[in-house]
Participant: 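Sending over a structure as structure tokens; questions will come in a sec.
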There are 2 protein chains.
Amino acid sequence: MSSSVAPIPDEQNGATPAFSPLYQQIKGLILQSLQQGQWKPGEVIPSETELAARFRVSQGTVRKAIDELAAENLVMRRQGKGTFVATHATPQVQYRFLKLLPDTGNDRIAGPAQRRVIECRRVRASADVARALALRSTDAVVQARRILSFAGVPTILEDIWLPGQAFKGLSAEQLANYPGPTYAMFELDFGVRMVRAEEKIRAVLPDAQQAQWLQIGAGTPLLSVERIAYTYNDMPMELRRGLYRTENHHYRNALN
Amino acid sequence: MSSSVAPIPDEQNGATPAFSPLYQQIKGLILQSLQQGQWKPGEVIPSETELAARFRVSQGTVRKAIDELAAENLVMRRQGKGTFVATHATPQVQYRFLKLLPDTGNDRIAGPAQRRVIECRRVRASADVARALALRSTDAVVQARRILSFAGVPTILEDIWLPGQAFKGLSAEQLANYPGPTYAMFELDFGVRMVRAEEKIRAVLPDAQQAQWLQIGAGTPLLSVERIAYTYNDMPMELRRGLYRTENHHYRNALN
DNA sequence: GAGTGGTCTAGACCACGCG
DNA sequence: GCGTGGTCTAGACCACTCA
């Protein structure tokens, strides 16, 4: 079928313009719908046959597009039911960005912790925060600081910066008491879905205040984890600086 | 086609035995050939059509099998040339298990470091080493310790344990002077290909000796990185304990 | 131009979930 | 029993590599 999916002519192009396979174009279109919130996190997207008809391509082509989206965790397939927009609320992938695990315990997550929010306010972005979030230095950001405790032991101290624009009205209450992953709360209350993240990890010593918050000695080494989380389109939407106690936990990473 | 790929009957099975799709079986067969070293790292494997004929399935089915192997980095496809057994010697994926990067510098690797081997000898496996490598406590292991320096600065101190059986004759000289990734040397000289790895990361303080080797003060926090590397079949083949200086480097991790 | 992987199609049938 | 994703096939054509 010589189809015609809007943007790229795809055939008879004078200048060999990089050549984008059909399924990539379809993927782009689906991605667009996801970005625009046409289908919300947790909802089904149209079936493969439906999409194939809509885009006037074969089901196999749509399939390959969705395969890639699934591989990137943007979408989840469930046989017999349909394909769903991925969400951090899904039990199986809750806290998938949290790599800190207890040393003991077969596996599975440090999970829902006790959260104590120390502060949460609107401020102007400092230079480095602005750079990380691709904002101007004068833009407003929400800055929060909280402590996560596991089994009563304060284990993570983290500072969070979010673009003020998208997170108007975020409260300490939400950060502390939302039942479930914070990223799920972001999806539900602000329509912001974190899609991937990058972390830079270092070993550091706490300053006096940090040591107090984490109830440790000044000489206790900590993991410093700086995370930038991205929404669709590689847009940075969160900067997070965490200090992790690792006497009884470790950061687990799988290399493939 | 009602094909017959050796092991699983695949059809008319009385007891609904988990059901393994054809392409998974094909994948298993290819995997077996890889394990047995029928095709060596860096070599081409037979073409898709050739494999399809050999296994009496369609090319699409072979394709899907190889797709998965490629996704797991066991194999590398190159259009127009063929499909190649992955190797740590490939420039683009060299040092892909080394996640420590310099803070400055656009990206790219800490790369080929200066390596100084402090020791390399055969010993009996201690209890924890034996457990990590799935050996008996009495089995021989090769134990090595070395320092990696970047731009003259000693940055990584690492202890390595390898099953004595598979690594008979490994010398300090090889560990120090092999031009290229150590894992490439393992492939070439011992026929052992590391396929994936898991790391547990903590923040620690060095003891006196470690501080001396890394030329740092006793209070300098370090990243402790414990890695278990696996060959085919999830067989653990290396235990590595690294201490990373992170004043000017960081451990980078991508979360998807 | 021959050979390899990459894309695309159309159609058949299977496994799963649910009413 | 129907609709969904999952598997499998066969065949056509495209893009890349190399002799």
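In what follows, every chain begins at residue 1, and chains take the letters A, B, ... in the order their sequences are listed.
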Participant: If you take all heavy atoms of Pro181(A) and Tyr95(A), which pair is closest and at what distance?
Facilitator: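 The answer is N-OH, 3.6 Å.
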Participant: Rounded to the Å, how far apart are Asp67(A) CG and dG5(D) C1'?
Facilitator: 10 Å
Participant: Where the side chain of Arg63(A) is defined as all heavy atoms beyond and including C-beta, which of dT7(D), dA15(D), dC8(C) is the nearest nucleotide?
Facilitator: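 For the Arg63(A) side chain, the nearest candidate turns out to be dT7(D).
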Participant: Figure out the CD/P separation between Glu50(B) and dT4(C), and round it to whole Å.
Facilitator: 9 Å
Participant: Would you mind reading off the distance between Lys64(B) atom NZ and dG5(D) atom P, rounded to a whole angstrom?
Facilitator: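 Interatomic distance, NZ of Lys64(B) to P of dG5(D): 14 Å.
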Participant: Is a side-chain N or O of Arg146(B) found less than 3.5 angstrom from the main chain of Ile156(B), in a donor-acceptor match?
Facilitator: no
Participant: For the backbone of Ala89(B) and the side chain of Thr87(B), can you confirm whether one donor and one acceptor N or O come within less than 3.5 Å of each other?
Facilitator: yes
Participant: Output the single nucleotide from dT7(D), dG5(D), dT9(D) whose closest atom is nearest the side chain of Thr61(B).
Facilitator: dT9(D)
Participant: Report the nucleotide, chosen from dG5(C), dT9(C), dC8(D), that has the shortest atom-to-atom distance to any side-chain atom of Ser58(A).
Facilitator: dT9(C)
Participant: Please answer whether the main-chain N or O of Arg240(A) pairs with a side-chain N or O of Glu158(A) as donor and acceptor at a distance below 3.5 Å.
Facilitator: no
Participant: Between Lys200(A) and Glu226(A), does the salt bridge (charged side-chain N to carboxylate O under 4.0 Å, His left out) criterion hold? Intermediate values first, please.
Facilitator: CA-CA 5 Å; Lys200(A) 293 184 183 181; Glu226(A) 176 174 311; 5.2 Å; no
Participant: Apply the test salt bridge (charged side-chain N to carboxylate O under 4.0 Å, His left out) to residues Glu50(B) and Arg54(B): give CA-CA distance (whole Å), side-chain angles for both, the deciding distance (0.1 Å), then the verdict.
Facilitator: CA-CA 6 Å; Glu50(B) 153 74 24; Arg54(B) 183 180 306 183; 2.9 Å; yes
Participant: How many whole angstroms separate atom CD1 of Ile66(A) from atom P of dT4(D)?
Facilitator: 12 Å
Participant: Nearest-Å distance, CG (Leu22(B)) to C1' (dA15(C))?
Facilitator: 15 Å
Participant: For a quick check under 3.5 Å, do Asn253(A) and Tyr251(B) share a side-chain donor-acceptor pair by atom type?
Facilitator: yes
Participant: Apply ring pair (Phe, Tyr, Trp, His ring centres under 6.0 Å) to Phe97(A) and list each qualifying residue two or more places apart in sequence or on a separate chain.
Facilitator: His88(A), Tyr183(A)
Participant: Between Pro46(B) and Val62(A), who's closer to the 5' end of DNA chain C by nearest nucleotide?
Facilitator: Pro46(B)
Participant: Below 4.0 angstrom, which residues in residues 74-84 of chain B have at least one non-hydrogen atom near DNA chain D?
Facilitator: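 Those residues are Gln79(B), Gly80(B), Lys81(B).
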Participant: Test your reading of the model: is there a side-chain donor-acceptor pair from Gln174(B) to the backbone of Ser171(B), 3.5 Å cut-off?
Facilitator: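 The answer is yes, because a donor-acceptor pair under 3.5 Å joins these two groups.
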Participant: In this structure, how many angstroms lie between the P atom of dG6(C) and the CZ atom of Phe19(A), rounded?
Facilitator: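 After rounding, the gap between these two atoms is 12 Å.
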Participant: Quick one: Gln59(A) CD to dG3(D) P, roughly how many Å, whole number?
Facilitator: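 Going from Gln59(A) (CD) to dG3(D) (P), I get 14 Å.
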Participant: Report the nucleotide, chosen from dT7(D), dT7(C), dG5(D), that has the shortest atom-to-atom distance to any side-chain atom of Tyr23(B).
Facilitator: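 Of all the options, the side chain of Tyr23(B) is nearest to dT7(D).
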Participant: Return the angle between end axes of the helix from dG1(C)-dC18(D) to dC18(C)-dG1(D), with five pairs used per end and rounding to 10°.
Facilitator: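 Axis angle across the helix from dG1(C)-dC18(D) to dC18(C)-dG1(D), nearest 10°: 10°.
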Participant: Would you kindly give the NZ-to-C1' distance between Lys27(B) and dT7(D), to the nearest whole Å?
Facilitator: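 Answer to the nearest Å: 15 Å.
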